[in-house]
Number of protein chains: 2
Amino acid sequence: MPLTHDRLDFIQPTLNGPSADLESALSLAIHEHRLLPGTKLGEDELSEIYGVSRTVVRTALQSLSHSQLVDLKRNRGAFVSQPSVREAREVFEARALLEPRTANSAAERMTDAALVRLEAHIAAEHDALESGEPGKALRLSGHFHIEISRIADQATIAGFIERLVARSSLIIAIYWRRQSALCEKHAHHALVDAFRRRDGAEAEALMKSHLLDILTALDLREVKATNGSLRDILKP
Amino acid sequence: MPLTHDRLDFIQPTLNGPSADLESALSLAIHEHRLLPGTKLGEDELSEIYGVSRTVVRTALQSLSHSQLVDLKRNRGAFVSQPSVREAREVFEARALLEPRTANSAAERMTDAALVRLEAHIAAEHDALESGEPGKALRLSGHFHIEISRIADQATIAGFIERLVARSSLIIAIYWRRQSALCEKHAHHALVDAFRRRDGAEAEALMKSHLLDILTALDLREVKATNGSLRDILKP
DNA sequence: GCGCACAATATTGTATACAATCTGCTGCTT
DNA sequence: AAGCAGCAGATTGTATACAATATTGTGCGC
């Protein structure tokens with residue numbers, strides 16, 4: 001029986017060294033919107049907090065910058081990324097291109113075990129919402145998409161989707177409009193239903209409209225109250 | 001009048017520090033098949049060759065590992081990646097998914113300046129072949145695809161394609177069968193012709209068959225004379 | 001002679017020290 | 001008072017030293 005998807009799903013404990021742990025911790029915080037776009041991530045600061053040397057902090061930050069979660073500016077430091085409106089649109093265009101087809105493939109290759117995993121995943125999302133952890137719920141709902149892409153069994157494309165989901169989390173942090181409630185629960189449930197019926201076409205359509213729903217719930221106008229970084233939005 | 005595309009097109013001189021330079025140099029060598037998959041990249045070795053400290057070597061290697069050009073094994077070292085047959089198929093499936101549509105977009109947004117760039121690019125490929133630099137020609141022909149994706153003006157997808165092209169270079173290094181000549185010249189020329197006519201549908205079709213041509217010219221069977229790494233192909 | 005254990009060597013991982021660069025302030029000049 | 005020069009502080013970039021780990025070589029026992 002699968003565990004509820006907790007942080008263990010994100011963090012693979014110390015096998016790749018301390019820097020991977022720190023990277024996971026920061027990634028988690030960003031995905032849960034505890035670290036907001038624009039926040040500066042000082043090296044000394046982090047090295048003190050986590051009790052490691054700047055060397056490993058540096059490694060982790062570089063890694064995060066490659067996955068586009070943080071922006072590394074030479075001689076200036078590391079900042080949580082702030083995708084522009086343009087990038088936001090591009091990310092969701094790319095997702096609309098990749099994910100529906102991937103959902104279709106996933107439906108074809110769906111196994112009972114995978115179905116159970118997805119259902120447990122949705123349950124965990126629900127629990128997180130109930131227990132007043134919206135950040136965790138948001139992270140899980142993003143991870144739901146990653147889980148699907150993995151079931152589709154195309155590691156390369158799954159990797160791209162993982163990047164896109166990560167970037168989407170930042171986009172949501174910046175451009176989400178408060179009034180529209182984040183009710184992915186229904187959409188995810190409908191997807192699982194389609195998967196259960198191995199209905200690829202339906203899953204594809206559902207995923208497509210689901211992504212569109214998210215996109216239209218965004219308020220894609222420049223600079224929503226940037227905290228932290230400053231000056232970068234005024235420069236050119 | 002655009003310069004012939006030389007290494008300057010790959011290397012943006014020291015603005016991001018020595019590690020970016022080293023990364024570019026290694027990336028270039030890998031793309032030109034002077035460094036073959038499986039080759040070990042020792043840190044001391046590189047630091048001596050390029051006259052920099054291991055710190056910057058390390059940074060460069062990490063960067064390359066994130067773009068999947070090198071494989072970083074904890075406590076073992078860095079090796080030029082060796083994509084498996086399965087990965088090879090996935091990469092070309094992903095390319096078949098992304099690039100034809102991207103070529104279509106590129107045709108729509110094609111400008112005269114961009115056309116000139118592409119033509120110069122093909123000329124450079126030709127020159128490289130003529131002057132007995134097949135590695136350089138191969139690298140350029142890969143970069144041709146990246147150039148197109150940039151013209152399509154979708155940075156996110158262009159980034160994905162760049163990764164795929166890089167990985168394709170490794171795949172070709174491993175699985176290319178000698179007998180089939182690499183005659184991309186004709187395909188690239190046909191693509192430019194379609195672009196010149198702003199014929200998106202034609203460009204899309206051409207790109208699709210072009211990718212298929214490359215894929216079918218590969219000999220996708222496990223382990224073609226792996227040099228270097230060993231043991232990893234015998235382990236499980 | 002073969003196989004295993006242990007030591008020697010080499011290579012990577014981490015921490016720390018020093019250098020380079022940027023930021024922000026002070027105080028002078030106009 | 002506004003603006004610029006230059007200095008002080010802080011932060012990042014780089015190099016080096018040390019620790020941990022894996023690989024290789026040697027010798028002992030069988």
Side-chain angles (χ1 to χ4, degrees), chain A residues 11-26 35 38-66 69-81 226-236, chain B residues 11-26 35 38-66 69-81 226-236:
Chain A
I11 303 184
Q12 197 158 19
T14 309
L15 288 174
N16 295 74
S19 75
D21 292 349
L22 175 53
E23 182 186 347
S24 299
L26 290 175
L35 283 175
T39 306
K40 163 142 195 186
L41 302 172
E43 297 183 358
D44 276 318
E45 195 178 1
L46 290 173
S47 81
E48 280 188 26
I49 293 175
Y50 289 92
V52 291
S53 85
R54 271 183 56 216
T55 308
V56 357
V57 172
R58 216 144 219 291
T59 305
L61 290 176
Q62 284 174 24
S63 211
L64 288 167
S65 104
H66 286 297
L69 280 175
V70 319
D71 201 10
L72 231 45
K73 303 181 184 175
R74 188 173 177 84
N75 288 319
R76 299 268 321 280
F79 304 81
V80 180
S81 282
T226 168
N227 70 328
S229 105
L230 315 171
R231 159 190 164 159
D232 289 327
I233 53 175
L234 320 164
K235 204 171 18 178
Chain B
I11 303 183
Q12 196 156 21
T14 310
L15 287 173
N16 296 75
S19 75
D21 292 350
L22 174 54
E23 183 187 346
S24 299
L26 290 175
L35 283 176
T39 306
K40 163 140 195 186
L41 304 171
E43 297 183 357
D44 276 320
E45 195 178 2
L46 291 172
S47 82
E48 279 189 27
I49 294 174
Y50 289 92
V52 291
S53 85
R54 271 182 56 214
T55 308
V56 359
V57 172
R58 218 144 215 292
T59 305
L61 289 177
Q62 283 175 27
S63 213
L64 289 167
S65 102
H66 286 296
L69 280 176
V70 319
D71 201 10
L72 231 46
K73 302 181 185 176
R74 187 172 177 83
N75 286 320
R76 301 269 320 280
F79 304 80
V80 179
S81 282
T226 169
N227 69 327
S229 119
L230 314 172
R231 162 187 159 161
D232 287 327
I233 55 175
L234 318 167
K235 201 171 22 177

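Residue numbers start from 1 in every chain, and the chains themselves are labelled A, B, ... in the order their sequence lines are given, proteins ahead of strands.
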**OP:** Please report, rounded to the nearest Å, how far the C1' atom of C:dT23 is from the CG atom of A:N75.
**Re:** 12 Å

**OP:** Please check the phosphate of D:dA15 (OP1 and OP2 only) for any side-chain N or O of A:R54 closer than 4.0 Å.
**Re:** no

Original post:
DNA chain C: B:G42 or A:V52, which has the more 5' nearest nucleotide?
Top reply: B:G42

Original post:
To the nearest angstrom, how far is B:E43 atom CD from D:dA15 atom C1'?
Top reply: 14 Å

Original post:
What's the CG-P distance between A:D21 and C:dT14, to the nearest Å?
Top reply: 10 Å

**OP:** Using atom CZ of B:R76 as one end and atom C1' of C:dA10 as the other, report the distance to the nearest whole Å.
**Re:** 14 Å

Original post:
Quick one: B:K73 NZ to D:dA20 P, roughly how many Å, whole number?
Top reply: 25 Å

**OP:** Round to the nearest Å and state the distance from A:F79 atom CZ to C:dC22 atom P.
**Re:** 13 Å

**OP:** Measure the spacing between CG of A:D71 and OG of A:S81 and express it to the nearest 0.5 Å.
**Re:** 4.5 Å

**OP:** Starting at CZ of B:R76, measure out to CZ of B:R74 and round the result to the nearest 0.5 Å.
**Re:** 13.5 Å

Original post:
Quick check: does any side chain N or O of A:S63 sit under 3.5 Å from a backbone N or O of A:T59, one acting as donor and the other as acceptor?
Top reply: no

Original post:
So, is B:S53 near the phosphate of D:dA15, with a side-chain N or O under 4.0 Å from OP1 or OP2?
Top reply: yes

**OP:** Starting from C1' on C:dT16, measure out to CG on A:D44 and report it in whole angstrom.
**Re:** 12 Å

Original post:
Taking CZ from B:R74 and P from C:dT12, how many angstroms apart are they, rounded to a whole number?
Top reply: 13 Å

**OP:** Report the residue (A:T55 or A:L41) whose heavy-atom-nearest nucleotide on DNA chain D is the more 5′ of the two.
**Re:** A:L41

Original post:
Taking OP1 and OP2 of C:dT23, is either one under 4.0 Å from a side-chain nitrogen or oxygen of A:K40?
Top reply: no

Original post:
Can A:L64 and A:L41 be said to form a side chain to side chain contact (heavy atoms under 4.5 Å, CB included), step by step?
Top reply: CA-CA 11 Å; A:L64 288 167; A:L41 302 172; 5.6 Å; no

